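One structure is given here, and the rest of the page talks about it.
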Amino acid sequence: ETGVTQSPTHLIKTRGQQVTLRCSSQSGHNTVSWYQQALGQGPQFIFQYYREEENGRGNFPPRFSGLQFPNYSSELNVNALELDDSALYLCASSPDSYGYTFGSGTRLTVV
Amino acid sequence: AQTVTQSQPEMSVQEAETVTLSCTYDTSESDYYLFWYKQPPSRQMILVIRQEAYKQQNATENRFSVNFQKAAKSFSLKISDSQLGDAAMYFCAYRSWNRDDKIIFGKGTRLHILP
């Protein structure tokens, strides 16, 4: 059991639409990070939340936003979807920012 | 900015043999973590091994070991007695000592295990 559950596993959206991806972490995992993994590439850091506050952000535009909730779940929201947003989105959580547990990701396809 | 480079896009090894995956990185920091992650077709990123930069001793986890050369900024992964289940993408990754910092991944090496 991974301890990090992401939903949905696959998603197809149309360019210009908005999407919300969800992640459920283990109890006590106060830190959650989101990564975008394009096909054939390594994951790229989007942002990180600690105790419901954003405390780090990668080189992604403001249309990528997130939320972390007290129940250790989190969301990644992407507005105005572009074709290049097609990727695997990975959520990773940790109790101490040291040992991250990754989920199996959401495969987003923008058409 | 820190970078991680994996120069081998694909590698193959015979089952039961040993294979070494290469990784180099660039940083101006003295304290940091290095990781090897495995990503099978299930897509989940699985931590294989972790090395703290302040430790001179190379990390080992069963059949997996690293050769950490801090001065050369090299961090290779050796897999002994390769098994079919080792087939996957392997990513080398770096994280600053700062607990709030991101993980920086290389582009990955696809490892094939030949029966």
Side-chain angles (χ1 to χ4, degrees), chain A residues 1-11 21 23 25 29-51 53-60 64 66 68 87-108, chain B residues 1-10 21-27 31-55 59 61 75 77 88-111:
Chain A
E1 183 177 345
T2 68
V4 178
T5 304
Q6 292 188 241
S7 62
T9 55
H10 295 85
L11 195 57
L21 310 182
C23 173
S25 306
H29 282 209
N30 295 310
T31 301
V32 64
S33 303
W34 285 88
Y35 290 80
Q36 180 196 66
Q37 186 177 13
L39 197 61
Q41 301 293 318
Q44 298 288 317
F45 175 74
I46 302 174
F47 46 58
Q48 177 170 285
Y49 280 78
Y50 177 71
R51 294 185 184 267
E53 296 285 334
E54 184 180 299
N55 72 342
R57 189 176 183 91
N59 189 26
F60 281 82
F64 285 78
Q68 186 185 24
L88 179 68
Y89 288 86
L90 294 166
C91 169
S93 70
S94 169
D96 54 10
S97 295
Y98 179 66
Y100 283 92
T101 301
F102 281 81
S104 295
T106 294
R107 173 75 67 191
L108 173 65
Chain B
Q2 296 86 9
T3 59
V4 177
T5 302
Q6 294 178 251
S7 59
Q8 305 153 315
E10 289 195 59
L21 308 184
S22 301
C23 172
T24 59
Y25 59 95
D26 191 28
T27 183
D31 292 322
Y32 48 87
Y33 303 98
L34 294 167
F35 309 90
W36 278 98
Y37 281 91
K38 170 185 177 182
Q39 188 177 42
S42 67
R43 308 181 319 200
Q44 186 196 359
M45 200 71 73
I46 301 167
L47 179 63
V48 174
I49 201 164
R50 174 174 58 215
Q51 175 83 42
E52 290 88 346
Y54 70 87
K55 292 184 178 179
E61 287 288 341
F75 184 61
L77 174 69
M89 283 291 290
Y90 285 82
F91 292 94
C92 179
Y94 170 103
R95 190 171 82 75
S96 173
W97 194 255
N98 182 343
R99 62 176 289 155
D100 298 329
D101 215 354
K102 58 188 177 292
I103 300 174
I104 299 168
F105 290 87
K107 290 189 175 182
T109 296
R110 182 170 298 282
L111 179 64

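Treat the numbers as computed from the prediction; the structure is a model and nothing was measured. Letters go in sequence order (proteins before strands), and every chain restarts at 1. Values reported hereafter were calculated over all heavy atoms of this structure, with side chains retained and with hydrogens, waters and symmetry mates removed.
With a threshold of 4.5 angstrom between heavy atoms, A/Tyr35 approaches chain B through side-chain atoms but not through N, CA, C or O. Interface residue B/Ile103: backbone and side-chain heavy atoms are both found under 4.5 Å from chain A. Contacts of B/Gln6 with chain A are absent, with no heavy-atom separation under 4.5 Å from either backbone or side chain.
Aromatic ring pairs are classed by plane angle as parallel below 30°, tilted from 30° to 60° and perpendicular above 60°; the pair A/Tyr49 and A/Phe47 is perpendicular. In this structure, A/Phe64 and A/Phe60 have perpendicular ring planes: the angle between them is above 60°, well past the 30° mark.
Looking at residues two or more places apart in sequence or on another chain, you find a salt bridge (Lys or Arg N to Asp or Glu O under 4.0 Å) between A/Glu54 and A/Arg57. Partners of A/Glu53 under the side-chain hydrogen bond (donor to acceptor under 3.5 Å, both in side chains) rule, at least two apart in sequence or in another chain, do not exist in this structure.
Your options are A/Gln44, A/Gln41, A/Gln6, and the one with the most heavy-atom pairs under 4.5 Å with chain B is A/Gln41.
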